[in-house]
Every structure is written in structure tokens, then in C-alpha cells.
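Chain A is the first sequence line, chain B the second, and so forth, proteins listed ahead of strands; every chain is numbered from 1.
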2 protein chains.
Amino acid sequence: MNLSIAEENYIKSIYKLQEGDEVVTTNALAYELDTKPASVTDMAKKLNAKKLIDYEKYKGITLSAEGKKAALQIVRRHRLWECFLVDKLAFSWEEIHELAEELEHVRSEKLTNRLSEYLGNPVIDPHGDPIPDAHGKMAKPRPQTSLDQANAKRLVVTAVTDQSTALLAFLNAKGIKLGTQLEIVAHYEYDNSIEIKLKQLPALTISEQVAKNIMVRPV
Amino acid sequence: MNLSIAEENYIKSIYKLQEGDEVVTTNALAYELDTKPASVTDMAKKLNAKKLIDYEKYKGITLSAEGKKAALQIVRRHRLWECFLVDKLAFSWEEIHELAEELEHVRSEKLTNRLSEYLGNPVIDPHGDPIPDAHGKMAKPRPQTSLDQANAKRLVVTAVTDQSTALLAFLNAKGIKLGTQLEIVAHYEYDNSIEIKLKQLPALTISEQVAKNIMVRPV
DNA sequence: TTAATTATTTAGATTTGTCTAAATAATATT
DNA sequence: AATATTATTTAGACAAATCTAAATAATTAA
Ligand SMILES: [Mn+2]
Ligand SMILES: [Mn+2]
Ligand SMILES: [Mn+2]
Ligand SMILES: [Mn+2]
């Protein structure tokens, strides 16, 4: 099955929006891909014909087994290139997504596997997301919660769910990265903002929106 | 000026066929790009409108100053990725062209320059071709001739002009690579084949076609 | 349960890059 | 110089991916 770049981007976005087994709606996919619902309907028909998704008029989209396999390969390439850019070329985590969005479309298993090997077969990418192996198997992520719902006091940052440059740049500015340890000092009921403290730094208050996108686990 | 992948491939092929200042013909470009002359005419009109080439009906194609600049950037990316694949991922020289053909279209100056730095700012690629720097400047290639026209006896391989997998695989099999030293043992007038001797190896005879594509210089 | 709203699909158009077949221009041959 | 051959361009078509505007289905609210 030879996929175009556009088809690959659709498959990957469907995978992302599925999160388990939820049906993906036309509008959600259009928003995610920054395109129009009419375009999504067109592509849905095509991917359905290619048996990469299950799609019926008005009933939403899910990946077929084959589509899921394809998605995992694309995600693998995306995340490996992100590792390369950070580990080898010293990019920072807010610059890499865009570049990986293009590099992921170079479809060579040999290249992908060599790259993985060269990087030491990493299992998480610079944003804390797991990297599928050559067979599409992914390490189950260790239990983690978003910072706004954490109940333990002492936490470590394990991932960031929103990968927009804006959020990542904000976290950079505040010294928050993967592995950063922090303590919750206070919850403010008024706007659900949270005061946290990083080692060696003065406490700072972050908005609910930020807290929702930082994943953490205890100690 | 934002170029599509197709436009970049055209620009690069025109650059390749120009070799100095020769006018590139419609048919030659069609052959090089494995497409049809009619398609070349269409694209020529477009690139001319974008001022990347000079083109007049029936008068052939040359790159404009801007087109040449664009070409050098693409060539730079192509050859840097080839270096990466060989030096870091242990690919051999006959496997890399195809992959670089895709990687070259990731248009990020920052990525390109970081990659160059990471590789130690190489000035020749795995096929012996010079790599333009960030400003498009290329080391002038040291004087070299094709093996079939060399008159010195003791020679060193400096480049390979035909980058087809077939030729490169042949050279691999015979132990000929960049930097290989060889001696010309005999010219056979009948078919212009050449007998050569590599250190520690029995002499071998290569066809005129092969000899034409191996570039060498004395000692 | 009808009416209003929202979501989705269809119809028809557009852009990009390609093609085939036919027409025309340039070049080579007699 | 006329003719044959080759090179190039044009005309018209097509596939992929997108869009806008209109139609229709599904959902929600009254
Ligand atoms: Mn992408
Ligand atoms: Mn990532
Ligand atoms: Mn290319
Ligand atoms: Mn090369």
C-alpha cells in the first residue's frame, strides 16, 4: 500500500484523535488538519476504498487494522526524527515537531531502522511520547496524570500533551522539561491555577490550561 | 520563493544538465526526469514566470541567477544527507541517492546548517561531488579526468559521474571506491576497454562505459 | 414532536502536475 | 530547395487534493 503525503497525514491524525477506540468525527479531523470538512469527506471515501479506515456516511471514522499499522509506522518515523533533532542536532523541543512533520514522510524501513539503531533505539521521544518499535509495538506508558489532577505533592514531569510551540516555549522559559521535579504548593480555586515550586527556583503560578497539558507521576 | 517538490526536482536537474552554461533542451530534461517533453514545456513556462529560469519557445532552458541559487541550496541538502547516511548510518554509496532525493526537500536552513555542522562541514559527498556551503559557494574541484582519458599511469579515484545503483554496485564488487589507487596496465583498442590493477588485487579489465564514469587524478 | 441548530455530504470549481495525440517549428538529408 | 526527420509546443484530458456554496441528515431545544 503506497500512501501519499496527504494520506499519511490523515492516517496519523485519525490515529491521534482515536485515543483508544473513539470514532473520529469529520469536523474534529478537519480542525486537526487545518482543512475543511468537505475535504475530509472526500479523503474519507478514498481511505475507506483503500481499506485503511472504516467509514460510513454520517457515522464517523475509525482506523482499520491495516490503517493502524500504517499509523504506527508514521508515528515511529516522526518520533525518531524528533529524537535525532534533539539528541544529535541540538534542537529544542519546540522546534522539532514541524521538521519531523516533513521527515516522517520518507518511507524507507531500512532508513528508519538504521536511524533508530543509531539513536540507541529510544522508547520515548523528546515530548515524552512512546516510540513504536519496528513491529509497531509501543511501551505502555507508565501511569501518569495531568498536573491539574495530580494529588501527590512531589511530582516528576513525564510528558506534554499539547505540542504547540507556544506551550513548549513557555515551559522552556520557566525551566520545565521532561524529568523536571516539582512540588505543588497550592491550588487556587478561583481560576484553578496551581502554584508549583521547582528545585532552586522561586515558586510560580501556572494556569489551568498549562497544568492540563503537563503530564506527571509521583516522586 | 516557495518551491514545490516537483519544481525543486526540475531546478536541480536543469542545474545538473547545464554544466557550465549550456542550454538545456526539453528532451534532455524530460529524459533526465523520466517524464514527457510536454510536461517539461508546461513546467518551463511556470518556472519562467517565476523567474527561476530563462526560457523562450524552442530556445531551450537556462537557470536565472535566482534559479542557480535555489539549485545550489537543493544540491547542498542532497549531498549533506548523503554524507549523513554514509558517515552516520553506515549506508553504502549506491543506496543513498534515492533517499537523499526525498530528504533534500525538507527546506529548513537551520536544519541544513546544523546537519552540516554535525557532519563536520564536509566539502565533498560520498560520490566525490563538492558540497556548496550555506552561501552556495563550492570548492572548485581539483583537476580530474575520466579514467578512459587519463594519461598518467598511477591514479587515484576522485569521483563517479554516473550515480546509478548498477554502476556503484559494480564498483563495490570490484573494490573501487573514492580514494582507491590504481594503475593502468593496458588499453585495448578493440573495444576501448582498460586493464587496471589495484593494490593487493589481481588485475581486472573494465569497459569503456565504466571508465568514462570514473574520475581520477594522478598519484 | 415540530422547529432550530449543527454536522456532514454533495455538486461543481480550482490548482498542480502529469499525460496522449496532433500540430508546428527546427534541423538534417537528399 | 524541397523533403524527411526530429524536437518542441499546443490542445485537451485526467487524477489528486483542495475549496465554496448548497443540500441533506442528525441532533438538540422548544
Ligand atoms: Mn506530516
Ligand atoms: Mn513528539
Ligand atoms: Mn528530489
Ligand atoms: Mn552524491
Rounded to whole angstrom units, what separation is found between the [atom1] atom of [X] and the [atom2] atom of [N]?
X	N	atom1	atom2	answer
M43(A)	dT8(C)	CE	P	18 Å
D34(B)	dT18(C)	CG	C1'	12 Å
K36(B)	dT16(C)	NZ	P	23 Å
N9(A)	dA16(D)	CG	P	17 Å
D42(B)	dA13(D)	CG	C1'	12 Å
K59(A)	dA7(C)	NZ	C1'	15 Å
E8(A)	dA16(D)	CD	P	16 Å
L33(B)	dT16(C)	CG	C1'	16 Å

Residue pair S193(B) / D191(B), side-chain donor-acceptor N/O under 3.5 Å: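 Yes, a side-chain donor-acceptor pair sits under 3.5 Å.
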Side chains of H127(A) and H97(A): do they bring a donor and an acceptor to under 3.5 Å?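 No donor-acceptor contact under 3.5 Å links the two side chains.
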Nucleotide nearest A38(B) when distance is taken to its side chain, options dT18(C), dT9(C), dA11(D):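 For A38(B), the side-chain atoms sit closest to dA11(D).
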When you get a sec, tell me which of dT10(D), dT20(D), dA25(C) is the closest nucleotide to the side chain of Y58(B)?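 Per side-chain heavy atoms of Y58(B), the pick is dA25(C).
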Would you say [N] has OP1 or OP2 under 4.0 Å from some side-chain N or O of [X]?
X	N	answer
S4(B)	dT16(C)	no
T25(A)	dA7(C)	no
Y10(A)	dT18(D)	yes
K57(A)	dA26(D)	no
N27(A)	dT6(C)	no
K45(B)	dT10(D)	yes

Looking at CZ of R76(A) and CG of N113(A), how far apart are the two atoms once the value is rounded to the nearest 0.5 Å?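 Result: 5.0 Å between the selected atoms.
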Kindly state whether the ring of F91(B) and the ring of F84(B) have centres lying under 6.0 angstrom apart.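 Ring centres of F84(B) and F91(B) not closer than 6.0 Å.
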Using a strict heavy-atom distance below 4.0 Å, which residues from residues 48-55 of chain A are in contact with DNA chain C?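 Those residues are Y55(A).
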Determine, stepwise, if the pair R77(A) / E8(A) fulfils salt bridge (Lys or Arg N to Asp or Glu O under 4.0 Å). CA-CA 12 Å; R77(A) 296 194 297 256; E8(A) 285 196 341; 3.0 Å; yes
Would you mind checking if [Y] and [X] are paired as a salt bridge, meaning a charged N to carboxylate O distance below 4.0 Å?
X	Y	result
E104(A)	R79(A)	no
E32(A)	K12(A)	no
E66(A)	K50(A)	no
K212(B)	E208(B)	yes

Base, sugar-phosphate, or nothing for T41(B), non-hydrogen atoms under 4.0 angstrom?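 Touches a base.
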Indicate, with a heavy-atom threshold strictly under 4.0 Å, whether S39(A) touches base, sugar-phosphate, or nothing.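 Base contact.
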Check for me whether K88(B) meets the cation-pi criterion with Y118(B), that is, NZ or CZ under 6.0 Å from the six-membered ring centre and within 45 degrees of the ring axis.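 Because its charged atom sits under 6.0 Å from the ring centre and within 45° of the axis, K88(B) does stack over Y118(B).
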Under a 3.5 Å cutoff on both atom distances, Watson-Crick or G-U, what's the dot-bracket for DNA chain D ([ ] crossing, | other strand)? ||||||||||||||||||||||||||||||
